[in-house]
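For ligands, and for the atoms within them, numbers begin at 1 and follow the listed sequence.
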Amino acid sequence: MIDANTKICCLIGDPVEHSLSPLIHNAGYQALGINYTYVSFQVSDIKQAIEGIRGLGIRGASITIPHKTSAIKYLDRIDPLAEAIGAVNTVVNDDGVLTGYNTDGEGALKALEEVTALRGKKAVLIGGGGSALAIAVGLKKKGVKLVVLNRTEDKARKLAKQVNAEDSGSLERLAEISSADILIHTTSVGMWPKTSETIIPDELLHDRLTVFDIVYNPKETRLLIEARERGCAIVHGYKMLLYQAARQFELFTGRQAPLPAMESALTQALEGGRDATHFDRR
Ligand code: ATR
């Protein structure tokens, strides 16, 4: 029950209406029976919103598009990992001191590490946006040999330089996948409603490969279906969403996240409890 002692956490972004974050976090609070609640705020002025966190004593916030980078300058401290990525997706309020974190990369790495070891492996990372960067920073920290490929080659080159990746190129170099151990797809290709699309020709998928598609709507993308058919190990995109939220949960509450309850709320929603056309990416 919400009462005078309820601790408030929230999502700050624009748009926010289709986000699954409230569902995942609230399922966790309910499972532990703790007096927290999680709401969404559609925000255009991030400076005012962060002043609001302080002014209202909001315990924690998830930060999403378009504020992940611009929020940084209004915070008191930035965790070194978030600093390296240059973006925050999480703000924790400790008695008025606001610290920014980035749990996106950690979430992705945890999802991958459930299926494959990382050190010394060769990974091909497709994409050059914010998600690709957060994951690339984590992969390099884990000792992965990284090749970044992107439609716009220049962005791949910049990202590769920023994280000290081994190599980069355009999508004309997809044949790199033949000699890779891990393939990570971070673009929006294959996302609902264009679920028949994929960037990767299936003949490049081989049975020594682990394939991780961060697209989670649909739950199993064409890329993952083809990867499974070709004998690859696969990692579903919803796992990244789940684990980045679980890490936020732990930062907000100091409690271990009840993963089964959070996962079941998320997968039920993805499997048609709600209208699949209405999900965006986060
Ligand atoms: P995010 O923060 O989720 O990473 P983003 O920053 O908008 O999102 O990045 C989107 C990525 O998807 C980019 O790498 C983009 O390629 P470009 O840099 O060439 O724009 C990639 N992308 C989007 N649509 C694509 C398509 N149809 N084919 C190939 N790549 C695509």
Side-chain angles (χ1 to χ4, degrees), residues 11-16 18-21 46 62-72 81-82 84-90 100-109 111-112 123-140 146-163 165 167-177 183-202 204 211-218 221-224 226 235-245 279-282:
L11 173 67
I12 291 174
D14 188 6
V16 290
H18 308 313
S19 170
L20 294 169
S21 293
I46 186 64
S62 310
I63 308 291
T64 190
I65 283 176
H67 303 308
K68 287 186 180 189
T69 303
S70 50
I72 287 183
L81 183 58
I85 297 166
V88 294
N89 76 333
T90 310
Y101 298 85
N102 193 312
T103 68
D104 284 333
E106 288 175 76
L109 259 61
L112 255 180
V124 172
L125 179 71
I126 311 285
S131 306
L133 175 60
I135 296 171
V137 168
L139 290 171
K140 284 312 294 173
L146 186 61
V147 179
V148 182
L149 305 181
N150 190 45
R151 178 176 63 182
T152 309
E153 187 177 356
D154 195 42
K155 269 166 74 179
R157 195 178 313 122
K158 279 196 184 120
L159 195 158
K161 194 165 168 222
Q162 192 174 344
V163 304
D167 203 357
S168 66
S170 73
L171 297 180
E172 282 173 19
R173 290 193 44 204
L174 287 175
E176 287 283 344
I177 295 167
L183 170 66
I184 304 163
H185 171 254
T186 74
T187 85
S188 51
V189 174
M191 192 189 302
W192 183 273
K194 297 183 179 172
T195 55
S196 62
E197 293 184 356
T198 177
I199 290 179
I200 321 290
D202 70 338
L204 292 175
V211 179
F212 176 23
D213 190 347
I214 76 162
V215 172
Y216 62 76
N217 178 31
T221 56
R222 176 172 169 189
L223 170 60
L224 288 186
E226 290 179 349
V235 183
H236 292 97
Y238 85 83
K239 294 270 186 178
M240 173 176 170
L241 179 66
L242 174 68
Y243 292 141
Q244 65 78 27
F279 296 132
D280 73 7
R281 247 172 114 173
R282 316 142 216 266

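- Atom numbering of ligand 1 starts at 1 in the shown order; those under 4.0 Å from a heavy atom of Lys155 are 17 (P), 18 (O), 20 (O).
- On a distance-only criterion, Thr152 and ligand 1 share at least one N/O pair closer than 3.5 Å.
- Annotation for ligand 1: atoms under 4.0 Å from non-hydrogen atoms of Val189 are 25 (C), 26 (C), 27 (N), 28 (N).
- Formation of a donor-acceptor pair under 3.5 Å by the Asn89 side chain with backbone atoms of Thr103 is found in this model.
- By the salt bridge (charged side-chain N to carboxylate O under 4.0 Å, His left out) test, Asp202 pairs with Arg230, sequence neighbours left out.
- Shown here for Val88 and Ile63, the closest heavy-atom pair between the two residues is O-CB, 3.9 Å.
- Where the criterion is an N or O separation shorter than 3.5 Å, residue side chain and backbone included, Gly130 meets it with respect to ligand 1.
- Listed by atom number, the atoms of ligand 1 under 4.0 Å from Ile199 heavy atoms are 29 (C).
- Counting only heavy atoms from C-beta outward, the side chains of Asp14 and Ile65 never approach each other to under 4.5 Å.
- Close approach of ligand 1 to Gly127 is summarised as follows: ligand atoms under 4.0 Å from at least one heavy atom of the residue are 14 (O).
- In terms of heavy-atom proximity, Ala132 sits nearest to Leu159 at CB-CD1, 3.8 Å.
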(request) Apply the test side-chain contact (heavy atoms from CB on, under 4.5 Å) to residues Tyr216 and Lys239: give CA-CA distance (whole Å), side-chain angles for both, the deciding distance (0.1 Å), then the verdict. (result) CA-CA 8 Å; Tyr216 62 76; Lys239 294 270 186 178; over 6 Å; no
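- Ligand-side atoms of ligand 1 in range of Ser131: 1 (P), 2 (O), 3 (O), 4 (O), range being under 4.0 angstrom from any heavy atom.
- Neither the backbone nor the side chain of Ile65 has any atom closer than 4.0 Å to an atom of ligand 1 (non-hydrogen atoms only).
- For the side chain to side chain contact (heavy atoms under 4.5 Å, CB included) test, residues two or more places apart in sequence or in another chain that qualify with Ser70 are Ile46, His67, Lys73.
- Under 4.0 Å from ligand 1, heavy atoms of Thr187 appear from its side chain as well as its backbone.
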